[in-house]
Amino acid sequence: MSDVIEINCTTGQVTERAFTPEELAANQQAQADYAAKQAADAAAAQAQATALAATNAKLIALGLTQVDINNLLGAAQNPAIAQAALSTTGATGATGSSNA
Amino acid sequence: MANPTYKLIASQVVGSGGASSITFSSIPQTYTDLQVVASARSTRTAASGDGLDMYFITSGGTLTTGYTYKAVQTDSTTIYNTSTGYEQGWGGVISTNASSSNAFGSTIFYIPNYTSSNQKSYSVDSVGENNASSGWLSFNAALNSTTSAITGLQFFAGNGSLVQYSTFYLYGIKNS
């Protein structure tokens with residue numbers, strides 16, 4: 001396997017060669033960065049899921065059903081529909097940012 | 001066309017055995033913008049997505065490090081909104097050997113004003129094709145502080161090497 005396939009865009013010449021020391025170090029650093037990024041993304045997703053589960057448990061403890069909570073989550077993701085529903089029932093109030 | 005505004009400068013298909021990276025060197029300084037269209041797959045087996053990274057190369061073959069970017073990406077389940085700095089220019093996602101057979105990710109890099117003496121930006125939209133319930137897509141905007149003209153570009157997979165038939169097309173764009 002070639003380390004580098006280099007295409008000289010002026011001459012059209014294609015060269016297959018090994019990494020230079022600089023390229024090798026950069027490649028290794030890039031792979032380490034990418035692994036760290038993936039670990040950070042996974043940790044952030046896990047933290048979000050944990051926080052959401054805790055919030056969900058608090059709402060259940062207040063007497064809401066899971067269907068109620070799912071309805072609220074759906075409304076939060078679509079403020080326009082939520083506003084329309086509140087208008088239909090005669091209720092008013094902010095439904096959050098309406099950038100949709 | 002006597003004065004093409006969108007011209008293929010060079011292209012490369014990875015041959016049997018694969019390659020760790022693809023480098024376009026001695027890029028003509030006669031266009032305003034560059035665009036790279038890549039169809040790529042990496043040898044990674046641990047996950048169905050891999051990064052396709054890039055370095056700017058400046059005069060003398062110097063790899064330009066230190067990129068900041070903002071990205072929105074998803075694995076079809078969770079949306080990640082990331083902003084950080086890396087040594088390399090992170091370019092989004094491609095398919096891997098854990099993806100469906102023969103699936104290749106599609107990525108487009110757009111690099112405006114690559115010859116200017118201002119800092120260099122680029123944007124990327126990409127998708128790691130996968131015939132399954134989970135697949136990656138990503139949109140990135142990035143910046144590198146170099147004020148030197150870009151004379152080359154180097155691409156490589158974040159966690160493996162590029163498999164055979166990975167393909168890179170480099171286009172030059174100008175307004176006349």
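Proteins come first, then strands; the chains are lettered A, B, ... in the order of their sequence lines, and each starts at number 1.
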Inset, instruction - Report yes if the side chains of A:Ile7 and B:Ile22 come closer than 4.5 Å at any heavy-atom pair, otherwise no. - result: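 Yes. Closest side-chain heavy atoms under 4.5 Å.
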
Inset, instruction - Measure the shortest side-chain to side-chain distance between B:Ser20 and A:Ser2 over non-hydrogen atoms and say whether it is less than 4.5 angstrom. - result: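 No, every pair of side-chain atoms sits at 4.5 Å or beyond.
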
Can you say whether [X] sits under 4.5 Å from chain A via the side chain, the backbone, both, or neither, judging by heavy atoms?
{"X": "B:Thr151", "answer": "neither"}
{"X": "B:Ala10", "answer": "side chain"}
{"X": "B:Leu170", "answer": "side chain"}

Can you hop from [X] to [Y] via hydrophobic side chains spaced under 4.5 Å?
{"X": "B:Val14", "Y": "A:Val4", "result": "no"}
{"X": "A:Ile5", "Y": "B:Leu63", "result": "yes"}
{"X": "A:Leu62", "Y": "A:Leu73", "result": "yes"}
{"X": "B:Leu52", "Y": "B:Leu137", "result": "no"}
{"X": "B:Ile108", "Y": "B:Ile173", "result": "yes"}

Inset, instruction - Quick one: closest heavy-atom pair of B:Ile9 and A:Cys9, and the distance? - result: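 Heavy-atom minimum between the residues: CG2-CB, 3.7 Å.
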
Legend entry - Shortest non-hydrogen separation from A:Met1 to B:Gly18 and the atoms involved: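 Taking A:Met1 first and B:Gly18 second, the nearest heavy atoms are CG-O, 3.3 Å.
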
Legend entry - Separation between CD of A:Glu22 and OG1 of B:Thr62, rounded to the nearest 0.5 Å: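 One finds 6.0 Å between CD of A:Glu22 and OG1 of B:Thr62.
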
Inset, instruction - Nearest 0.5 Å please: distance from the CZ atom of A:Arg17 over to the OG1 atom of B:Thr23. - result: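 Answer for the CZ-OG1 pair, A:Arg17 versus B:Thr23, is 5.5 Å.
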
Around atom [atom1] of [X], are there more than 12 heavy atoms of other residues, nucleotides or ligands at under 6.0 Å?
{"X": "B:Phe104", "atom1": "CZ", "result": "yes"}
{"X": "A:Asp68", "atom1": "CG", "result": "yes"}
{"X": "A:Phe19", "atom1": "CZ", "result": "yes"}

Inset, instruction - For chain A, find which of B:Gly49, B:Ser16, B:Ser21 contributes the most heavy-atom pairs closer than 4.5 angstrom. - result: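 Most pairs with chain A among the choices: B:Ser21.
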
Inset, instruction - Among B:Gly17, B:Ser26, B:Ser11, single out the residue with the greatest number of heavy-atom pairs under 4.5 Å to chain A. - result: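 Highest number of heavy-atom pairs under 4.5 Å: B:Ser26.
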
Legend entry - Toward chain B, the part of A:Glu23 with a non-hydrogen atom under 4.5 Å: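 Interface part for A:Glu23: both.
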
Legend entry - Any donor-acceptor N/O pair, B:Tyr55 side chain to A:Asn27 backbone, under 3.5 Å: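 Flag not set: sc B:Tyr55 to bb A:Asn27 has no pair under 3.5 Å.
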
